[in-house]
Amino acid sequence: MILLQANQIARHFGAEILFENIHLEISTGARIALVGRNGAGKSTLLKILAGIERPDEGTIAKNKAATLGYLAQDTGLDSAETVWNEMLKSFETIRQMENRMRELEILISEGTPDTPSYESLLKEYDKLQHDFSDRNGYGYENEIRSVLHGFKFDPSFYDQKINELSGGQRTRLALARMLLQHPDILILDEPTNHLDIETLSWLEGYLQSYTGALLIVSHDRYFLDKVATEVYELSRKKMRHYKGNYSKYLDMKAEQLATEWKAYEKQQTEIHKLEDFVARNLVRASTTKRAQSRRKVLEKMDRIDRPQGDEKQAHFLFNVAKPSGNVVLQIEDAAIGYHNEVLSEPINLDIRRQEAIALVGPNGIGKSTLLKSIIHQLPFIRGKEHLGTNVTIGYYDQGQADLHTNKTILAELWDEHPTTPEKEIRSVLGAFLFSGEDVEKTIPLLSGGEKARVALAKLAMNQENFLILDEPTNHLDIDNKEVLENALIDYDGTLLFVSHDRYFINRIATKVIELSENGSKVYLGDYDYYLEKKQEEAEIAELLAEKTPEEEHISTNKKTYFQSKEQQKLIRSLQRKITQIEEELAILDEQIESLEQQMVSPENLDDHLKLNELNQTLEATRQSQETKLSEWEDLSIELEEYENEYSFLH
């Protein structure tokens with residue numbers, strides 16, 4: 001059943017068209033992601049669909065019986081109530097039913113059986129009890145506790161006044177209250193802002209089982225893959241619809257573009273042939289009629305527009321002026337926090353050149369504090385950092401606090417690099433989508449995404465070999481996130497970054513370091529590997545928790561023994577495989593050297609067939625070498641991981 005339908009919707013700003021001819025349908029149980037560039041009009045469209053703004057053209061038709069809930073991005077709950085009392089408001093109807101049931105129970109206990117009024121009370125009570133049960137009347141308080149727990153509010157928060165909480169806490173409470181209201185259509189604009197990874201995972205699970213329809217704007221690709229089953233793309237003022245999650249949408253979009261190009265190029269070939277025939281034969285008496293016929297075909301032809309690929313996007317690289325030594329950063333048994341209040345200890349880091357380290361952990365545990373301690377913006381409570389040889393640090397602050405509020409974009413870069421020609425500065429800014437008069441905008445007038453691109457441009461100009469990044473994907477749309485990812489993947493330096501974007505972590509990280517109250521813990525892999533290990537740890541902890549102290553001691557000893565034996569077998573097996581690959585690589589090196597010598601041999605230089613054959617063999621051998629090298633690297637990482645686990649057991 002269709003709950004809401006938008007037909008031919010348009011929004012104008014003066015003579016400018018933000019979008020037009022928009023069609024969108026929300027059906028029962030829909031899971032819709034609305035995607036598009038920053039500035040495409042996604043938030044404006046959501047407000048129109050929610051009835052907050054009126055469209056300049058078109059109509060919105062909503063099922064009258066369907067309830068609709070809309071939550072704008074970064075909306076904080078404004079209330080003088082306590083957390084618990086505010087959440088109870090979401091169940092006002094149920095609580096009224098509950099009060100009426102209590103009244104009826106008293107009346108029934110005081111009434112006289114076998115009278116019409118008594119029978120009437122019983123019938124009302126039975127119906128009310130049935131409706132109360134259907135609407136989770138017996139479990140709504142548990143539901144409140146569950147949702148608050150998911151958003152990291154334990155019972156100690158229940159009696160706190162909402163207006164006394166932080167902005168981030170009030171934003172989470174606004175989302176919690178909206179979820180508890182269970183609208184038939186739930187419209188969420190960037191609901192993943194300000195959520196740590198654990199809370200994001202909980203929200204994904206909650207929304208997957210949500211009974212109503214969902215329409216969500218988010219730049220979190222991992223989140224969209226988990227939640228969405230259809231995608232509407234708002235691009236170049238138009239809307240397109242795709243079935244499937246975000247990854248499927250990307251595949252379908254690429255296939256669609258390839259098909260459009262094929263049809264366009266086929267028609268262009270036909271057009272050129274017809275135009276050429278007309279040009280050559282129109283003036284010749286014997287072929288004039290045929291040329292006129294071809295011209296009519298051209299005039300009647302429904303011409304296909306040139307396919308439009310991705311919109312203009314940033315394109316940049318992070319270069320390194322001078323490489324660092326192998327050891328980049330070491331920290332041993334350090335403690336971080338504020339005013340001698342420790343957030344996390346002991347912290348141990350050993351970061352080597354060209355590693356990409358993701359720093360994860362719950363909000364408030366001190367991830368940003370650790371980064372600021374490393375760059376001396378905050379002192380360590382205990383311990384200190386030790387930088388390696390030739391290490392130069394570039395720091396990205398999620399709040400863009402290092403941008404000057406009184407400068408233009410051009411001046412922001414040029415003042416730090418006064419000897420660099422203006423043309424070169426403008427060229428760098430152009431790579432970050434600032435061109436022409438854009439560079440004369442002052443920093444305070446920029447959007448969050450624009451400020452992020454200015455900060456990244458400054459970082460690219462400095463060419464440091466160790467980048468420390470605090471939430472670098474905040475405020476970036478999905479396209480620019482991908483550009484940043486590609487730039488960091490190609491970066492020759494070392495990375496230490498904090499991010500809640502799990503897709504970003506998966507693409508960039510070579511290691512994950514988890515920060516907790518008990519200090520730091522290293523996981524040798526990407527985010528998915530980190531999740532697997534965390535699941536294993538949780539299962540082991542659950543098993544141990546079920547045992548008596550004596551059983552636990554015996555079980556732990558047995559587990560350690562068998563783990564140790566198993567680890568030794570795996571380590572020996574990996575070492576044998578690595579040795580075998582190293583021998584194969586040595587043989588391939590010799591073959592490549594021999595083929596290269598044959599190709600420059602005088603007897604082969606004039607034999608093109610022989611050279612082509614040698615070149616094909618050389619390319620195939622190099623490909624085999626690349627495959628073996630990749631296999632060797634994977635096995636070496638796996639071996640290091642098992643060796644670390646084995647040493648931990650001992």
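Taking each heavy atom of Ala457 and Val428 in turn, the nearest pair found is O-CG1, 4.4 Å. Here the closest non-hydrogen pair linking Thr199 and Leu195 is CG2-CD2, 3.9 Å.
Aromatic pair Phe432/Phe316: ring centres closer than 6.0 Å.
Side-chain N/O atoms of Asn486 and Arg507 include a donor and acceptor closer than 3.5 Å. Counting only N and O atoms by type, the side chains of Asn390 and Asn465 include no donor and acceptor under 3.5 Å apart. In summary, the side chains of Asn615 and Asn612 do not present any donor paired with an acceptor at a separation below 3.5 Å, with no hydrogens or angles considered. Side-chain atoms of Gln535 and Glu539 form a donor-acceptor pair, as typed in the model, at a separation below 3.5 Å. Side-chain atoms of Tyr396 and Asn474 form no donor-acceptor pair, as typed in the model, at a separation below 3.5 Å. Between the side chains of His475 and Gln398, no donor-acceptor pair is found at a separation under 3.5 Å. In this structure, a donor-acceptor pair under 3.5 Å is present between the side chains of Tyr242 and Gln256.
In this structure the side chain of Lys152 reaches within 4.5 angstrom of the side chain of Asp196, judged on heavy atoms. Lys367 is listed as a side-chain neighbour of His500, based on a closest heavy-atom distance under 4.5 Å. Here the side chains of Leu459 and Leu469 are in contact, with some heavy-atom distance below 4.5 Å. For the pair Ile336/Leu515, a side-chain contact is recorded, criterion being any heavy-atom separation below 4.5 Å from C-beta on.
Remark: Lys577 does not engage Glu631 in a salt bridge, criterion side-chain N to carboxylate O under 4.0 Å. The pair Glu204-Arg502 meets the salt-bridge criterion, since a charged nitrogen lies less than 4.0 angstrom from a carboxylate oxygen.
Taking CZ of Arg306 as the start and CD of Gln268 as the end, the distance is 8.5 Å to the nearest 0.5 Å.
The residue from Arg221, Lys253, Arg453, Arg37 that alone fulfils the salt bridge (charged side-chain N to carboxylate O under 4.0 Å, His left out) condition with Asp479 is Arg37.
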